[in-house]
Number of protein chains: 2
Amino acid sequence: MSTTGDPKKSLYEQLARLGKAAASPARLELLDLLCQGPRTVEGLANEAGLSVANASQHLRVLHGARLVEGEKNGLFVTYRLADPAVGDFFQTLRALGEKRLAEVDAILREFREAPESLEAIEKETLLNRVKKGEIILIDVRPAEEYRAGHIPFAMSVPLKELRSHFPKLRRRQPIVAYCRGPYCVLAVEAVKQLRAKGFRAARMDDGIAEWRARGLPVAVSEVSK
Amino acid sequence: MSTTGDPKKSLYEQLARLGKAAASPARLELLDLLCQGPRTVEGLANEAGLSVANASQHLRVLHGARLVEGEKNGLFVTYRLADPAVGDFFQTLRALGEKRLAEVDAILREFREAPESLEAIEKETLLNRVKKGEIILIDVRPAEEYRAGHIPFAMSVPLKELRSHFPKLRRRQPIVAYCRGPYCVLAVEAVKQLRAKGFRAARMDDGIAEWRARGLPVAVSEVSK
DNA sequence: AAACTATTCAATAGTATCCTTGAATAGTTT
DNA sequence: AAACTATTCAAGGATACTATTGAATAGTTT
């Protein structure tokens, strides 16, 4: 048995279980997606570009490391992070990557210096201005993710439905879009489309995970099923 | 080339480099040791119970993930953490393990409920009482680690030299011992020995890394070489 | 320069991980 | 109950990782 050996050794063995869970790009992508909110296996597989069987297998590994939990609802199994601390861990991993791996920095620049140059928004004042109605804050992720958690006062405008909202928007009113976080292209694309139509749009590169990590409030709209 | 592919994919690939580095018990132990301060390859190999070649190989992997850096001084190569953020990452990993893995919790209990039951010391008041001289705070790690960073007002009493300090100590004066952190046995052993001799000894389970993580001051005694 | 030392390199065998494929399970709908 | 669906399980070959061994490198001492 492993617990009968040197306790010090077996401790590192246990911690290595977490490291191993984080040792695969596919699993990290799944974790990132799950940081946005619960999802079914098929949903995760599609978004991460994995076969369903493969995604299921990776999820089982993550479950083995106690990082995610699955709950069977009828025909579907919905996975979610087992603990908010898992999100913190992922954030720390990402922060470390940004700080230490030049490659990550290069990839991020590729994102951020995308087509239109994207202004950074001051998060401190953002929420107040949104409250006052000076700024419209839109959440361009799929509605499902919006429901699982979003920034207060943000309205849900999934990227796919963005065009249908154009008539409602005033051209002079500043719009700020956000999505899953710094690596997500949804808000980049939304800003591009809005600007193309003459709107004053900017992107906030933080997602829900970053927002929560700052200790800022997160709203949830639970729908009775 | 990996950078020519989907940037999103390659991002997770890069982050997985960090996960892979943390996927081996041996490397985690090396990281833990390096959180205490710089060390040579041989020193690390001895303390972790690895062959020198094996330790060197693992260090090369850690270096490949930009987590540690080595500097050649004459015949020796001294490794250190590449960035304090690496320490944060390790702390987060450990915290996650404590929170999510029942096995880690069990191992920790095995440590803490060791021979003598060890009182928890209130860290808030500890430093003040040490300043006033009410408590003697001893650092029972090797002198080398003490020099690399220690709690202010602590005196260096490596476990091996503990016996030689007995005559200097008063039997009534409370002694608090600390070492590398919650998983390290040095302070446990020190307290055992002190109590066996009739001293009033307790263990603080925080080490330098935890201390620093709380934002508390750390002293360094740099010796000209 | 020769002997010695700390570290790294290179090759190897054993083991674990990864993704794919096809079948099995559990639950739903018809 | 039969057909269907989402998920998991099981087996396989390809690949990667780990620890060991012995040799090579770089620097020191004699």
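We name chains A, B, ... by the order of the sequence lines, and we start the count at 1 in each one.
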Q. Which dot-bracket string describes DNA chain D (Watson-Crick N1-N3 plus N6-O4 or O6-N4, or G-U N1-O2 and O6-N3, all under 3.5 Å; [ ] crossing; | other strand)?
A. |||||||||||.||||||||||||||||||
Q. OP1, OP2 of D:dA19 versus side-chain N and O of B:Ser51: anything below 4.0 Å?
A. no
Q: Name every residue in residues 56-66 of chain B that has at least one heavy atom under 4.0 Å from any atom of DNA chain C, in order of residue number, or write none if there are no such residues.
A: B:Ser56, B:Arg60
Q | Residues forming a side chain to side chain contact (heavy atoms under 4.5 Å, CB included) with A:Arg212, sequence neighbours excluded | A | A:Ile208, A:Val218
Q.
Please give me the minimum heavy-atom distance between B:Thr78 and B:Pro38, naming the atom from each residue.
A. CG2-CB, 3.7 Å
**Q.** Separation between CZ of A:Arg94 and OH of B:Tyr12, rounded to the nearest 0.5 Å
**A.** 7.0 Å
Q.
Any base atoms under 4.0 Å from A:Ala23, or only sugar-phosphate, or nothing? Heavy atoms, all strands.
A. nothing
Q: Verify whether one side chain among A:Gln57 and A:Arg60 offers a donor that lies under 3.5 Å from an acceptor in the other.
A: no
Q: Check the distance between C:dA16's C1' and A:Arg17's CZ and give it to me in whole angstrom.
A: 16 Å
Q: Decide yes or no for B:Leu28 and A:Leu11: does some side-chain heavy atom of the first lie under 4.5 Å from some side-chain heavy atom of the second?
A: no
Q. Quick one: what's the B/S/- string for nucleotides 25-30 of chain D, heavy-atom cutoff under 4.0 Å, read 5' to 3'?
A. -SBS--
**Q.** Separation of atom NZ in A:Lys20 from atom P in C:dC18, rounded to whole Å
**A.** 10 Å
Q.
Expressed as a whole number of angstroms, how long is the span from A:Asn46:CG to D:dT7:C1'?
A. 14 Å
(Q) For a quick test of reading the model: is some side-chain N or O of B:Tyr79 closer than 4.0 Å to OP1 or OP2 of C:dA6? (A) no
Q) To the side chain of A:Phe76, which of D:dC9, D:dT7, C:dT7 is closest? A) D:dT7
**Q.** Closest non-hydrogen atom pair between A:Ala82 and B:Arg100, with its separation
**A.** CB-NH2, 3.3 Å
**Q.** Residue pairs fulfilling ring pair (Phe, Tyr, Trp, His ring centres under 6.0 Å) with at least one residue in residues 142-169 of chain B, sequence neighbours excluded
**A.** B:Tyr146-B:His150, B:Phe166-B:Phe199
Q | Whole angstrom value for the distance that separates P of D:dA6 from CD of A:Glu42 | A | 5 Å
Q | Distance-minimising heavy-atom pair for B:Glu210 and B:Arg180 | A | OE1-O, 4.0 Å
Q.
In the structure I gave you, are the side-chain heavy atoms of A:Gln193 and A:Leu159 within less than 4.5 Å of one another anywhere?
A. yes
(Q) Given C:dT17, C:dC19, D:dT7, identify the nucleotide with an atom nearest to the side chain of A:Val52. (A) D:dT7
Q.
Taking side chain to side chain contact (heavy atoms under 4.5 Å, CB included) as the definition, give me every residue that meets it alongside A:Ser24, ordered by chain and number, with sequence neighbours left out.
A. A:Ala26, A:Arg27, A:His58
**Q.** Integer-rounded Å distance: C:dC19 C1' and A:Leu30 CG
**A.** 14 Å
Q | Rounded distance (Å) that lies between atom P of D:dA16 and atom CZ of B:Arg27 | A | 15 Å
(Q) With heavy-atom distances below 4.5 Å as the criterion, would you say the side chains of A:Leu81 and A:Leu31 are in contact? (A) yes
